[in-house]
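Before any comments, here is the structure.
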There are 2 protein chains.
Amino acid sequence: MTANVQSIDDKIESLKKRCQELGMRVTTQRVEIFREVASSCEHPDAETVYENVKERLPNISFDTVYRTLASLEDMDMIFRVDSLLPKARFDADRRPHNHFICIKCGEVYDIFPEDGYEVTIPENSKKFGEIKDINLQVRGICNKCRH
Amino acid sequence: MTANVQSIDDKIESLKKRCQELGMRVTTQRVEIFREVASSCEHPDAETVYENVKERLPNISFDTVYRTLASLEDMDMIFRVDSLLPKARFDADRRPHNHFICIKCGEVYDIFPEDGYEVTIPENSKKFGEIKDINLQVRGICNKCRH
DNA sequence: TCCTTTATTAAGAATTATTCTTATTAAGTA
DNA sequence: TACTTAATAAGAATAATTCTTAATAAAGGA
């Protein structure tokens with residue numbers, strides 16, 4: 001196993017640990033919703049998470065998905081990916097990477113930077129507040145939409 | 001006047017030119033909606049644009065604002081700023097700059113890079129499609145929300 | 001200037017995405 | 001095993017955006 005690449009089970013273990021640290025309960029729903037985002041490379045939206053978790057937990061509600069995605073985000077276990085559409089999408093990949101976002105269809109593609117590439121924080125961004133994360137968005141028209 | 005800094009009237013002139021190029025009509029609504037985004041530093045959302053344009057054009061409809069913002073975006077006259085909230089915000093500032101986005105309140109602050117700072121396009125982002133724009137998002141908690 | 005064509009608009013209904021309310025359930029603890 | 005309360009399900013409510021249709025007005029030609 002390489003650094004930064006965790007198995008799903010490892011990721012779920014760190015979720016459980018984080019819940020304990022924060023005094024939050026380890027519920028089936030929380031675990032399964034996290035599993036769904038953490039095991040996907042598709043930056044799923046709330047609806048997709050709902051559909052997929054529903055196969056395992058048929059009684060899951062839409063509200064639980066939204067509430068849990070928001071709490072996982074607060075816990076820093078998942079991250080919101082901007083999609084330009086009025087629909088939030090999520091990512092649990094902690095490796096530093098950027099996103100190509102298609103301005104036509106909203107699809108989000110991971111850009112794992114080649115060796116040596118790094119985005120640096122602009123010095124004068126620090127005056128606005130406490131920085132949590134930086135994220136480079138490359139916007140364009142994806143190959144699929146060009147045809 | 002410095003390069004890249006245009007007066008509002010100049011910006012509206014370029015809108016009219018762009019409409020002509022594209023065979024689109026120069027309507028009062030289109031001009032006033034563009035004026036609103038182009039003269040604001042606040043990255044206004046559709047509702048704010050609607051409220052402000054309404055003072056000059058009392059009959060403007062919400063739909064026209066949405067439709068026109070989308071068409072101005074297609075024309076490359078304005079840009080969508082991601083806000084993490086399910087609410088689009090817009091920017092007409094063509095100078096290269098980045099955004100600090102508050103993860104609590106969604107506020108968007110302009111980061112005009114200091115001399116010498118530049119974000120470069122990751123080489124391997126090109127394989128996903130045609131690149132139109134790159135945009136560095138710095139996410140954090142703004143000073144207002146820290147108190 | 002007036003007419004014609006058709007892109008654009010206003011109005012409001014419809015849809016989509018998200019959040020809220022309330023009663024119920026179950027995780028963690030004693 | 002029982003208790004406490006965080007978390008959930010269900011579905012109503014709200015917020016953001018888009019669609020439908022008839023009316024309007026911009027641009028070009030007579």
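Order of the sequence lines fixes the chain letters, A, B, ..., with proteins taken first and strands second; residue numbering starts at 1 for each chain.
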Taking atom [atom2] of [N] as reference, at what distance in whole Å does atom [atom1] of [X] sit?
X: Leu22(A); N: dG28(C); atom1: CG; atom2: P; answer: 13 Å
X: Asp63(A); N: dA23(C); atom1: CG; atom2: C1'; answer: 14 Å
X: Arg67(B); N: dT8(C); atom1: CZ; atom2: P; answer: 9 Å
X: Glu32(B); N: dA10(C); atom1: CD; atom2: P; answer: 12 Å
X: Asp74(B); N: dT8(C); atom1: CG; atom2: P; answer: 12 Å
X: Leu85(A); N: dA17(C); atom1: CG; atom2: P; answer: 9 Å
X: Met75(B); N: dA7(C); atom1: CE; atom2: C1'; answer: 13 Å
X: Arg80(A); N: dA17(C); atom1: CZ; atom2: C1'; answer: 11 Å

Next on the checklist: Is it the case that atom CD in Glu51(A) sees more than 12 heavy atoms from other parts of the structure closer than 6.0 Å?
Outcome noted: yes
Checklist entry - How are the rings of His99(A) and His97(A) set to each other: parallel, tilted or perpendicular (split at 30° and 60°)? => result perpendicular
Checklist entry - On DNA chain D, nearest-nucleotide positions of Gln20(B) versus Ala70(B): which is more 5'? => result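 Its nearest nucleotide being more 5', the pick is Ala70(B).
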Item to check | Residue whose closest nucleotide on DNA chain D lies nearer the 5' end, Thr27(A) versus Pro86(B) | outcome: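 Closer to the 5' end of DNA chain D: Thr27(A).
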Checklist entry - Ion pair present between Glu21(B) and Lys16(B), side-chain N to carboxylate O less than 4.0 angstrom? => result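 So Glu21(B) does not pair with Lys16(B) through a salt bridge.
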Next on the checklist: Tell me whether Glu36(A) is salt-bridged to Arg56(A), with the criterion being a basic N under 4.0 Å from an acidic carboxylate O.
Outcome noted: yes
Next on the checklist: If the condition is side chain to side chain donor-acceptor pair (under 3.5 Å), which residues does Lys87(A) pass it with, not counting sequence neighbours?
Outcome noted: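 Side chain to side chain donor-acceptor pair (under 3.5 Å) list for Lys87(A), sorted by chain: Asp45(A).
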Checklist entry - At under 4.0 Å between heavy atoms, what does Arg30(B) touch on the DNA or RNA strands: base, sugar-phosphate, or nothing? => result sugar-phosphate
Checklist entry - Across the strands shown, which category fits Asp45(B) at heavy-atom distances under 4.0 angstrom: base, sugar-phosphate, nothing? => result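 Result for Asp45(B) = nothing.
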Next on the checklist: When you measure from the side-chain N and O atoms of Gln29(B) to the phosphate of dA10(C), is any distance below 4.0 Å, counting only OP1 and OP2?
Outcome noted: yes
Item to check | Under 4.0 angstrom between Thr64(B) side-chain N/O and dA10(C) OP1 or OP2 | outcome: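 So the side-chain polar atoms of Thr64(B) do come within 4.0 Å of the phosphate oxygens OP1 or OP2 of dA10(C), strictly under.
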Next on the checklist: Taking atom types as they are modelled, would you say the side chain of Arg25(B) forms a donor-acceptor pair with the base of dT6(C) within the 3.5 Å cutoff?
Outcome noted: yes
Side-chain donor/acceptor pairs under 3.5 Å, residues 124-131 of chain A, sequence neighbours excluded:
residue   : atom : partner   : partner atom : Å
Asn124(A) : ND2  : Phe112(B) : O            : 2.6
Ser125(A) : OG   : Pro122(A) : O            : 2.6
Lys126(A) : NZ   : Glu123(A) : OE2          : 3.1

Next on the checklist: With a strict under 4.0 Å distance from non-hydrogen atoms of chain B, what nucleotide opens and what nucleotide closes the contacted stretch of DNA chain D, reading 5' to 3'?
Outcome noted: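 Terminal contacting nucleotides, 5' to 3': dA16(D) to dA27(D).
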Item to check | Thr28(A) or Ala46(A), whichever maps to the more 5' nucleotide of DNA chain C | outcome: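 Nearest-nucleotide comparison on DNA chain C picks Ala46(A).
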Checklist entry - Under a 4.5 Å cut-off applied to non-hydrogen side-chain atoms, are Val53(A) and Val65(A) in contact? => result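 They are not in contact (no side-chain heavy atoms under 4.5 Å apart), so the answer is no.
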